[in-house]
Amino acid sequence: MSKRVKTSLIWAFVGVMLAVMYIPIVILIVYSFTGAKALGVWSGFSFELYADLFTNSSIMNAFKNSLILALVSALLSTILGTTAAIGIFHMRKWKKSAANFIANITMENAEIVTGVSFMMFFLVLRLPYGWTTLIIAHTMITTPYVILSVTPKLSQLNPNLYEAGLDLGASPIKSMFTVIVPQLIPGMLSGFVMAFALSLDDFIVSKFVNGSVETIPVYLYNALAKRGADPTLRALSSVLFVAVLAVLIALNAVSAKRRKKSVQG
């Protein structure tokens, strides 16, 4: 088989995979611009669903809750994940392997098991389900992704930079924050965005520990269970997709600009 044929097959495979992933989303977005109640029925171009979306107090409250939860948990997980990544990176080989294995358990574990575990854990602690339990749970399940984002950046650093900062009179903490952390910002930003998106999207863990706090995934589940496929949900899903896509594009643009600046420098 020639190299040209192999390349064509690879691109065809990639194209099919992308089509399977994104065509349903495109269809959802297209039909969010029609007021028809049934998906697949076009009753003319309209912003009716978006008007209904932004005047629906229940949806807006759930969206506000999801946004606050995602921002707070992503910020906490970025701090914890960066600190953990630095600590793990400087461990000895067997300790590093053990720490990475433990950190990856929540990513590899079935989410339903994680959700039940958090539910039982908070029950034992007699901690009421609500904002506190949601923030703790979301921070814990997103922190490993921050560790994965920051660790490669640590591997790229000059190992002598930290020692140079100490030799110039900086304290260990000051040297860490003025020399090491600024160079980890691209990885921290990537980890933050990933943690934000994962928190915004999480349903299973949230359902077990949310109490009376309704997030967007929980609202969607409850709405589908009670009222069926509300057409307003098409507009909501489209807004969420476009918002996350915009954040990812902005992050990639900033990262590309930083790389270009570092190369020119």
Side-chain angles (χ1 to χ4, degrees), residues 52-85 99-150 188 191-230 232-241 243-244 247:
D52 293 341
L53 171 66
F54 291 108
T55 56
N56 189 315
S57 59
S58 297
I59 293 180
M60 289 295 99
N61 184 62
F63 181 76
K64 181 188 71 174
N65 291 341
S66 290
L67 194 61
I68 294 173
L69 175 61
L71 286 172
V72 173
S73 61
L75 179 61
L76 292 175
S77 65
T78 301
I79 296 171
L80 291 175
T82 302
T83 305
N100 281 324
F101 173 77
I102 294 172
N104 292 338
I105 287 178
T106 55
M107 292 191 299
E108 299 169 355
N109 194 24
E111 197 169 2
I112 186 72
V113 176
T114 302
V116 173
S117 300
F118 275 121
M119 181 185 70
M120 298 301 296
F121 176 69
F122 295 135
L123 186 63
V124 170
L125 293 181
R126 298 185 183 279
L127 192 62
Y129 299 137
W131 277 107
T132 302
T133 55
L134 275 171
I135 290 173
I136 293 174
H138 278 229
T139 300
M140 292 300 100
I141 63 176
T142 55
T143 294
Y145 294 92
V146 178
I147 295 175
L148 284 179
S149 297
V150 173
M188 293 170 66
F192 177 87
V193 172
M194 187 176 296
F196 179 86
L198 288 169
S199 174
L200 198 67
D201 182 60
D202 180 80
F203 165 71
I204 296 178
V205 174
S206 299
K207 185 62 177 176
F208 280 104
V209 300
N210 70 310
S212 61
V213 180
E214 197 170 47
T215 61
I216 284 295
V218 175
Y219 174 85
L220 289 172
Y221 173 82
N222 293 335
L224 290 171
K226 295 176 182 178
R227 299 184 296 274
D230 186 344
T232 308
L233 301 182
R234 303 202 296 263
L236 174 60
S237 301
S238 301
V239 169
L240 290 175
F241 174 76
V244 172
V247 172

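Remember, predicted model here, so these are calculated numbers, not experimental data. Below, all heavy atoms of this structure are taken into account, side chains as well, without hydrogens, waters or symmetry copies.
Atom CG of Leu236 is separated from atom CG of Asn56 by 9.5 Å, given to the nearest 0.5 angstrom.
Few gaps surround CZ on Phe54; more than 12 heavy atoms of other groups in view lie less than 6.0 Å from it.
Just one residue in the list Asn65, Leu69, Leu200, Leu240 forms a side chain to side chain contact (heavy atoms under 4.5 Å, CB included) with Ile216, and that residue is Leu240.
Leu75 and Phe192 get closest at one heavy-atom pair: N-CE1, 3.6 Å. Smallest separation of non-hydrogen atoms from Gly81 and Ile147: O-CG1, 3.5 Å. Heavy-atom minimum distance, Ala62 versus Tyr219: CB-CB, 3.9 Å. Closest of all the heavy-atom pairs between Val150 and Thr82 is CG2-OG1, 3.9 Å. Counting all heavy atoms, side chain and backbone alike, Thr78 lies closest to Met188 at CG2-O, 3.9 Å. For the residue pair Thr114 and Ile141, the shortest heavy atom distance occurs at CG2-CG2, 3.9 Å.
Within the 3.5 Å criterion, the main-chain N or O of Val218 finds a donor-acceptor partner in the side chain of Asn222. Panel note: side chain Ser77, backbone Ala74; a donor-acceptor pair is recorded below 3.5 Å. Under the 3.5 Å distance criterion, the side-chain polar atoms of Thr143 are left unmatched by any main-chain donor or acceptor of Leu80.
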Take Asn210 and Thr215, measure what side-chain contact (heavy atoms from CB on, under 4.5 Å) needs, and give me the verdict at the end. CA-CA 8 Å; Asn210 70 310; Thr215 61; 5.8 Å; no
Let me see the working for Phe208 and Thr133 under side-chain contact (heavy atoms from CB on, under 4.5 Å), right down to the final yes or no. CA-CA 10 Å; Phe208 280 104; Thr133 55; over 6 Å; no
Tabulate below the donor-acceptor pairs under 3.5 Å that side-chain atoms of residues 116-129 make, not counting sequence neighbours, or state none.
from   : atom 1 : to     : atom 2 : distance (Å)
Ser117 : OG     : Val113 : O      : 2.7
Tyr129 : OH     : Met119 : O      : 2.8

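The side-chain heavy atoms of Phe196 and Thr142, taken from C-beta on, include no pair separated by under 4.5 Å. Side-chain contact between Phe63 and Leu53: absent, with no pair of heavy atoms (C-beta onward) separated by less than 4.5 Å. Residues Trp131 and Ile68 have side chains in contact (heavy-atom distance under 4.5 Å, counting atoms from C-beta outward).
A donor-acceptor pair shorter than 3.5 Å can be found between the side chains of Ser199 and Ser73. If you check the side chains of Ser206 and His138, you find a donor sitting under 3.5 Å from an acceptor.
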